[in-house]
Amino acid sequence: MKIEAQAALVTGGASGLGEATARELARLGAKVAVLDRNLERARQVAAEIGGTAYACDITDTASVEAALDAAAAAHGPARILMNVAGIGSAKRIVGKDGQAAPLEDFARVIHVNLLGTYNISRLFAARCAKLDPLDGGERGVMVFTASVAAFDGQVGQQAYSASKGGLVGMTLPMARDLAQHGIRVCTVAPGIFATPLLLELPEPVQQSLAASIPFPPRLGKPSEFAELACHIVTNGHLNGEVIRLDGALRMAPR
Ligand SMILES: NC(=O)c1ccc[n+]([C@@H]2O[C@H](COP(=O)([O-])OP(=O)(O)OC[C@H]3O[C@@H](n4cnc5c(N)ncnc54)[C@H](O)[C@@H]3O)[C@@H](O)[C@H]2O)c1
């Protein structure tokens with residue numbers, strides 16, 4: 001699908017990989033709606049790229065419906081959904097104090113990363129399926145953001161890895177479900193990227209993370225994630241696939 005002039009939605013577009021994706025979509029001529037829990041920051045990004053911003057919690061159906069309605073009123077119905085919103089977590093299943101990890105912590109991460117992504121995707125897909133097909137029968141494209149932790153999760157990453165593994169697992173069945181509607185679904189599994197959280201780490205920690213990447217031995221650039229996410233949109237034969245974007249990194253246990 002050509003990105004130019006299409007309406008696109010970016011969850012988590014207020015920061016990091018989502019922000020870079022919103023910027024790249026705008027650079028390629030899309031009408032971009034930045035959907036994020038952080039409305040203030042979403043507005044700043046949107047203002048800089050000539051897009052619009054909406055407060056949206058992907059886990060809350062009413063909030064998602066309201067954001068989809070408002071974005072459609074501003075830009076017309078969206079055919080592109082970039083699912084980038086997500087949260088991290090680090091908690092051992094048995095803590096140093098011998099206590100079991102609280103179930104709520106695990107549930108919170110699954111709730112945002114897996115259920116939230118599924119929630120907005122199902123609502124987007126239902127709308128997209130009603131649109132007229134473009135050339136070749138295509139109606140829309142969705143991208144999920146997993147992580148290499150879906151495959152090689154580290155100590156303390158059970159919840160995060162399970163949530164991202166869930167996205168990996170639903171990629172193919174969702175692509176199969178939506179094939180009849182001409183909607184493609186792909187997932188990007190990033191390695192270690194230079195987003196605000198990582199850039200806050202002490203310089204030696206950043207350097208050691210970078211050195212763990214076979215090649216290139218540096219943190220991924222958010223723009224590299226954004227380029228791949230946009231390539232998935234333009235390459236009509238990419239579907240049902242999970243693509244690692246990690247410089248051949250395989251995470252160690254800790
Ligand atoms: N940065 C990395 O190295 C890296 C590596 C692998 C995967 N990822 C994944 O990439 C995605 C983006 O990561 P990032 O580093 O850019 O993070 P970030 O914290 O910079 O940005 C995430 C954005 O998502 C928003 N968000 C969180 N929960 C939300 C919700 N319920 N509804 C709407 N918006 C919500 C936040 O407000 C924030 O703006 C995440 O899914 C993360 O798991 C990041």
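The first residue of the sequence shown is numbered 1, and numbering continues consecutively from there. Whatever order the structure lists ligands and atoms in, that order sets their numbers, starting from 1. Side-chain atoms are counted along with the backbone in the values below, which use heavy atoms only and exclude waters and symmetry mates.
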Subset of ligand 1 atoms that lie under 4.0 Å from at least one heavy atom of [X]:
X: G16; answer: 16 (O), 20 (O)
X: I192; answer: 3 (O)
X: T145; answer: 9 (C), 10 (O), 11 (C)
X: G191; answer: 3 (O), 5 (C), 6 (C)
X: D57; answer: 30 (C), 31 (N), 32 (N)
X: A85; answer: 24 (O), 26 (N), 34 (N), 35 (C), 41 (O)
X: G12; answer: 23 (C), 24 (O), 25 (C)

What protein heavy atom lies closest to [atom]? Include the residue and the distance to one decimal.
atom: atom 32 (N) of ligand 1; answer: I58 N, 3.0 Å
atom: atom 6 (C) of ligand 1; answer: P190 O, 3.5 Å
atom: atom 33 (C) of ligand 1; answer: C56 O, 3.0 Å

Region of [X] that comes within reach of ligand 1 [heavy atoms, distance under 4.0 Å]:
X: A149; value: neither
X: A146; value: backbone
X: K164; value: side chain
X: L198; value: side chain
X: T195; value: side chain

Option with minimal heavy-atom separation from [atom], where the choices are [options]:
atom: atom 22 (C) of ligand 1; options: G86, S89, A189; result: G86
atom: atom 30 (C) of ligand 1; options: H111, R108, R37; result: R37
atom: atom 19 (O) of ligand 1; options: S15, S63, P222; result: S15
atom: atom 11 (C) of ligand 1; options: L197, L17, V84, L245; result: V84

How about [X] and [Y]: do any of their side-chain heavy atoms sit closer than 4.5 Å?
X: M142; Y: L178; value: yes
X: P77; Y: C128; value: no
X: M1; Y: L134; value: yes
X: L219; Y: L209; value: yes
X: V64; Y: D60; value: no
X: E65; Y: R127; value: yes
X: T11; Y: T117; value: no
X: H231; Y: E227; value: no

Output every pair passing salt bridge (charged side-chain N to carboxylate O under 4.0 Å, His left out) with a member in residues 45-58, not counting sequence neighbours, ordered by first then second residue.
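The answer is R23-E48.
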
Going by atom types only, do N119 and T59 share a side-chain donor-acceptor pair under 3.5 Å?
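T59 and N119 do not have a side-chain donor-acceptor pair below 3.5 Å.
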
Under 4.0 Å, counting heavy atoms only: does [X] come that close to any atom of ligand 1?
X: G116; result: no
X: Y160; result: yes
X: D36; result: yes

Can you confirm whether some protein heavy atom lies under 4.0 Å from atom 17 (O) of ligand 1, or whether none does?
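Answer no: nothing from the protein, no heavy atom, is under 4.0 Å.
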
Work out which heavy atom in I183 is nearest to a heavy atom in A125; give both atom names and the distance.
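Closest heavy-atom pair between I183 and A125: CD1-O, 3.8 Å.
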
Are E224 and R218 close enough, and set up right, to give a salt bridge (charged side-chain N to carboxylate O under 4.0 Å, His left out), and what steps lead you there?
CA-CA 12 Å; E224 292 171 322; R218 59 163 174 79; 2.7 Å; yes

Quick one: do E19 and R41 make a salt bridge, cutoff under 4.0 Å?
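R41 and E19: salt-bridged.
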
Do any nitrogen or oxygen atoms of F193 lie less than 3.5 angstrom from nitrogen or oxygen atoms of ligand 1?
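N/O-N/O distance under 3.5 Å: yes.
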
Can you confirm, on distance only, whether ligand 1 has an N/O atom lying under 3.5 Å from any N/O atom belonging to P196?
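No.
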
Same cluster for M82 and Y54 if Ile/Leu/Val/Met/Phe/Trp/Tyr side chains link at under 4.5 Å?
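No, it is not one cluster - the side chains of M82 and Y54 are not joined through contacts under 4.5 Å.
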
Sequence neighbours excluded, which residues qualify as side-chain contact (heavy atoms from CB on, under 4.5 Å) partners of L39?
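Scan of L39 (side-chain contact (heavy atoms from CB on, under 4.5 Å), adjacent residues dropped) gives R43, A53, A55.
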
